2 protein chains.
Amino acid sequence: MQIVTIQAEVIFQALADETRLRIIRLMKVTDEESCLCELVDSLLEPPYKLSRHLKILRQAGLLLSQKEGRWVYHRLVTEPAYLEPLYATVQALPDTNEIYNNDLKRFRQRLCLREGGRCRIGIQSEMFKTEAG
Amino acid sequence: MQIVTIQAEVIFQALADETRLRIIRLMKVTDEESCLCELVDSLLEPPYKLSRHLKILRQAGLLLSQKEGRWVYHRLVTEPAYLEPLYATVQALPDTNEIYNNDLKRFRQRLCLREGGRCRIGIQSEMFKTEAG
DNA sequence: TGCATACTTGCACTATAATACAATTATTTA
DNA sequence: TAAATAATTGTATTATAGTGCAAGTATGCA
């Protein structure tokens, strides 16, 4: 086990971006883990963009990423304990334009395409764009 | 009364800086308000630098600034409610290098120089630099 | 009314950050 | 072993952010 002390500024910086807040909120609300292509289909953002944002969250100590074959699953890190009120804050943020809610709807749909609880397909964005705003 | 919706990214961005975290933590821990020169003496940073950081915090909706003669007093904003866990997080951050603690010691000393609960003097940094690390 | 002073800001400079495209890596499968 | 594919990254570009100096504003006081 490796404990790295992460500067508070780095954590707040990691949360100071709309795309990254969308990722954190989705992971927090669903208590799920997700691979890149599922996030692409949920947030409707290009893979290279999300991949870079995921890296920033990982480096800030907020996400843990594990490779499984061709897929990489990302999930929230819950330690140290002071991360919890931060996630709670993100989860409590107003969602005036329903951005978070639409991400969530698409993500839930996308989860239905898993087989045996794992993603077996790639990006399906075209399909998801036409549905659920 | 004017309610302005502030983007979450702006709030997290405002917290993504060491100097600003020092200001927030000091205001939160002491539950005090402070003018610029008191902060200069507490954080030992130049006035123009702190003035700019205070502006950023104000624009993010975290500080309220009120002018009183030549002095401007700054204090934490507590609304909306989701700011509270953020401040709590800042207050709970580890203080490995005692930076926050040293700020606090100097601030408490500086408060002793108030007359009638108000600051009546300007920057005294030279005096504060020589004491309490 | 002129000076001291608490604070702010214009400007220049440097560093960091977000994005898009294209290329690359790593893994699976035919 | 070659093609397909999930994911990452090099590079260029543009925008934003932090800092320091010097100048400016606004208030109080002699």
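Labels below follow one simple rule: chain letters A, B, ... track the order of the sequence lines, proteins then strands, and each chain is numbered from 1. Since the model is a prediction, treat every value here as computed from it, not as a measurement.
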Using a cut-off of 4.0 Å on non-hydrogen atoms, how would the nucleic acid contact of A:R120 be classed: base, sugar-phosphate, or nothing?
-> nothing
Contact boundaries of DNA chain D with chain A (under 4.0 Å, heavy atoms), 5' to 3'?
-> D:dT5 to D:dT11
Could you check whether A:C35 gets within reach of a base, just the sugar-phosphate, or nothing at all, counting any heavy atom under 4.0 Å?
-> sugar-phosphate
Give a yes/no on whether any side-chain N or O of A:H53 is located under 4.0 angstrom from OP1 or OP2 of C:dA17.
-> no
Interatomic distance, A:E18 CD vs C:dA17 C1' [rounded to whole Å] = 16 Å
Test applied, side-chain contact (heavy atoms from CB on, under 4.5 Å); reference residue, A:L39; option that passes from A:I123, A:L54, A:D103 = A:L54
Please report, rounded to the nearest Å, how far the P atom of C:dT16 is from the CD atom of A:Q59.
-> 14 Å
Write down the distance between CG (B:L50) and P (C:dT9), rounded to a whole number of angstrom.
-> 14 Å
Starting at CG of B:L39 and ending at C1' of C:dT8, how long is that distance when rounded to a whole Å?
-> 15 Å
Heavy-atom side-chain contact between B:C37 and B:R110 under 4.5 Å | yes
Taking NZ, NE, NH1 and NH2 as the nitrogens, is one of them in B:R22 or B:E45 under 4.0 Å from a carboxylate oxygen of the other?
-> yes
Nearest-Å distance for atom pair CG/C1', residues B:D17 and C:dA17 | 15 Å
Salt bridge B:R108-B:E32, side-chain N to carboxylate O under 4.0 Å = no
Mind checking whether A:V72 and A:L36 have side chains closer than 4.5 Å, heavy atoms only?
-> no
Mind calculating the distance between NZ (A:K49) and P (C:dT19) to the nearest angstrom?
-> 4 Å
Closest approach of A:P94 to A:Y100 (non-hydrogen atoms, all atoms of both residues) | O-CE1, 3.9 Å
B:E84/B:K28 under salt bridge (charged side-chain N to carboxylate O under 4.0 Å, His left out): CA gap, chis, key distance, verdict = CA-CA 10 Å; B:E84 183 46 42; B:K28 173 65 176 167; 3.1 Å; yes
B:R52 atom CZ is separated from C:dC11 atom P, nearest whole Å, by 11 Å
Any sub-3.5 Å donor-acceptor pair from A:R75's side-chain atoms to A:L64's backbone N or O?
-> no
For the pair made of NZ in A:K55 and P in C:dT19, what is the distance, rounded to whole Å?
-> 16 Å
Does A:R25 use its side chain to pair, donor to acceptor, with the backbone of A:V90 at less than 3.5 Å?
-> yes
Shorter than 3.5 Å, N or O on both sides, protein versus nucleotides 22-29 of chain C: list them out with atom names.
from   : atom 1 : to    : atom 2 : distance (Å)
C:dA26 : O3'    : A:K67 : NZ     : 3.0

For A:I121, report the nucleic acid contact type (base, sugar-phosphate, nothing); a contact means any heavy atom under 4.0 Å.
-> sugar-phosphate
